[in-house]
Amino acid sequence: MKKIVVYDCDGVLFDSLEAVKAYYDYVFNKFSLPMLNWDDPETLNTAMMKTNSEIIREFSQDDAKYEEIMEFASNLNFKKFLDKMVPNPGIHDALKELSDKGYRLAVLTNRGLSLDYLLKHFDMYDYFERLVCSFDVVKPKPHPEGLYKLIDHFSCSKEEILFLGDSTNDYYAAESAKVPFLAFGNDLFESPRIDHHMDVFEYL
């Protein structure tokens, strides 16, 4: 029986595509770097899955300015882009019902410090007992370190967790940690899939 539900952030709690694109366009334009080609699926996939530092290092192609770019990007207030973030269908109803039924909730994401005020802005923060972002781990997803931290925090078995993710990073983290996985809005190997958050109750 599942007792803990763990959510990825971008793509699961939120449709963050337009916000992420606007964020990196702003950073790259600031430093007169070649703008990212959002029509390229590989570029889009990288921007949605990797950490901020990994993305900037991979796409800036300017090692001399890397530290300067990272400092600017890290200090850039993501609140500038909150109007482009869209909560995914049913998430507020699902979080409330899960909480009312006694499930314990957490977030595991490769997003950084913006996670706290993002969840507060959209009235989700108080539902989650534990947040694990890229600054809380040495090795972000697809490494399972974040899931191990959550297992330790909740003092639970792996079978008592359900991890909802939308990317191969999420899938591989769950597979490595031997944690049950549910794909949201995306077909990921043999994993069951849901497209509306209230459907999570079928898998608990």
Side-chain angles (χ1 to χ4, degrees), residues 6-31 33-38 40-82 84-85 106-121 124-125 128 130-150 153 163-177 179 181 183-186 188:
V6 179
Y7 288 90
D8 175 41
C9 179
D10 296 282
V12 179
L13 295 178
F14 300 94
D15 178 352
S16 54
L17 177 60
E18 295 306 317
V20 169
K21 287 162 64 174
Y23 172 85
Y24 286 108
D25 282 348
Y26 189 91
V27 172
F28 279 56
N29 184 62
K30 172 71 175 178
F31 288 90
L33 297 167
M35 300 304 287
L36 300 181
N37 177 14
W38 296 119
D40 175 26
E42 187 172 340
T43 295
L44 195 59
N45 191 51
T46 296
M48 295 302 296
M49 288 173 54
K50 294 193 175 181
T51 64
N52 201 16
S53 59
E54 289 173 328
I55 294 162
I56 289 173
R57 184 174 291 283
E58 181 166 341
F59 289 126
S60 67
Q61 300 177 353
D62 191 338
D63 291 340
K65 284 188 176 182
Y66 171 75
E67 295 299 335
E68 182 183 358
I69 298 169
M70 268 305 302
E71 182 177 3
F72 174 81
S74 298
N75 292 322
L76 178 59
N77 196 330
F78 195 82
K79 291 177 182 177
K80 181 188 294 289
F81 310 102
L82 284 181
K84 297 182 182 298
M85 297 289 289
V107 176
L108 172 60
T109 177
N110 283 353
R111 179 179 282 272
L113 297 176
S114 61
L115 178 63
D116 278 27
Y117 62 73
L118 174 61
L119 295 177
K120 289 174 182 175
H121 178 81
M124 297 183 195
Y125 184 85
F128 295 106
R130 183 77 165 89
L131 306 177
V132 177
C133 73
S134 62
F135 288 92
D136 298 314
V137 296
V138 176
K139 296 179 179 180
K141 297 178 296 183
H143 195 278
E145 179 185 349
L147 285 171
Y148 292 149
K149 282 184 175 292
L150 290 172
H153 171 82
F163 181 29
L164 274 74
D166 70 314
S167 72
T168 54
N169 271 0
D170 300 321
Y171 172 85
Y172 288 128
E175 184 181 48
S176 296
V179 165
F181 181 75
F184 182 84
N186 198 10
L188 292 169

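Side chains are part of it too, since the values below use all heavy atoms of this structure and drop only hydrogens, waters and symmetry mates. Along the sequence shown, residues carry numbers from 1.
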Side chain proximity check, [X] to [Y], heavy atoms < 4.5 angstrom:
| X | Y | result |
| --- | --- | --- |
| F28 | F59 | yes |
| L82 | L118 | yes |
| V12 | F163 | no |
| Y24 | N52 | yes |
| E54 | T46 | no |
| D8 | K141 | yes |
| L13 | L119 | yes |
| C133 | R111 | no |

Starting at [atom1] of [X], measure out to [atom2] of [Y] and round the result to the nearest 0.5 Å.
| X | Y | atom1 | atom2 | answer |
| --- | --- | --- | --- | --- |
| D25 | L33 | CG | CG | 11.5 Å |
| L76 | E71 | CG | CD | 12.5 Å |
| S114 | N77 | OG | CG | 9.0 Å |

### Query
Does NZ or CZ of K79 fall inside the cone over Y117's six-membered ring, less than 6.0 Å from its centre and within 45° of the axis?
yes
### Message
Between F81 and F78, is the ring centroid distance below 6.0 Å?
### Response
yes
### Query
Does the ring centre of F31 sit less than 6.0 Å away from the ring centre of F72?
yes
### Query
So, for G11 and D166, which heavy atoms are closest and what is the spacing to 0.1 Å?
CA-OD2, 3.5 Å
### Query
Which heavy-atom pair separates M49 from S167 by the least distance, and what is that distance?
CG-CB, 3.8 Å
### Query
Among all residues two or more places apart in sequence or in another chain, which pass the salt bridge (Lys or Arg N to Asp or Glu O under 4.0 Å) test with E58?
K50
### Task
Decide side-chain contact (heavy atoms from CB on, under 4.5 Å) for Y7 and F128; before the verdict, give the C-alpha distance in whole Å, the side-chain angles of both, and the deciding distance to 0.1 Å.
CA-CA 10 Å; Y7 288 90; F128 295 106; 3.8 Å; yes
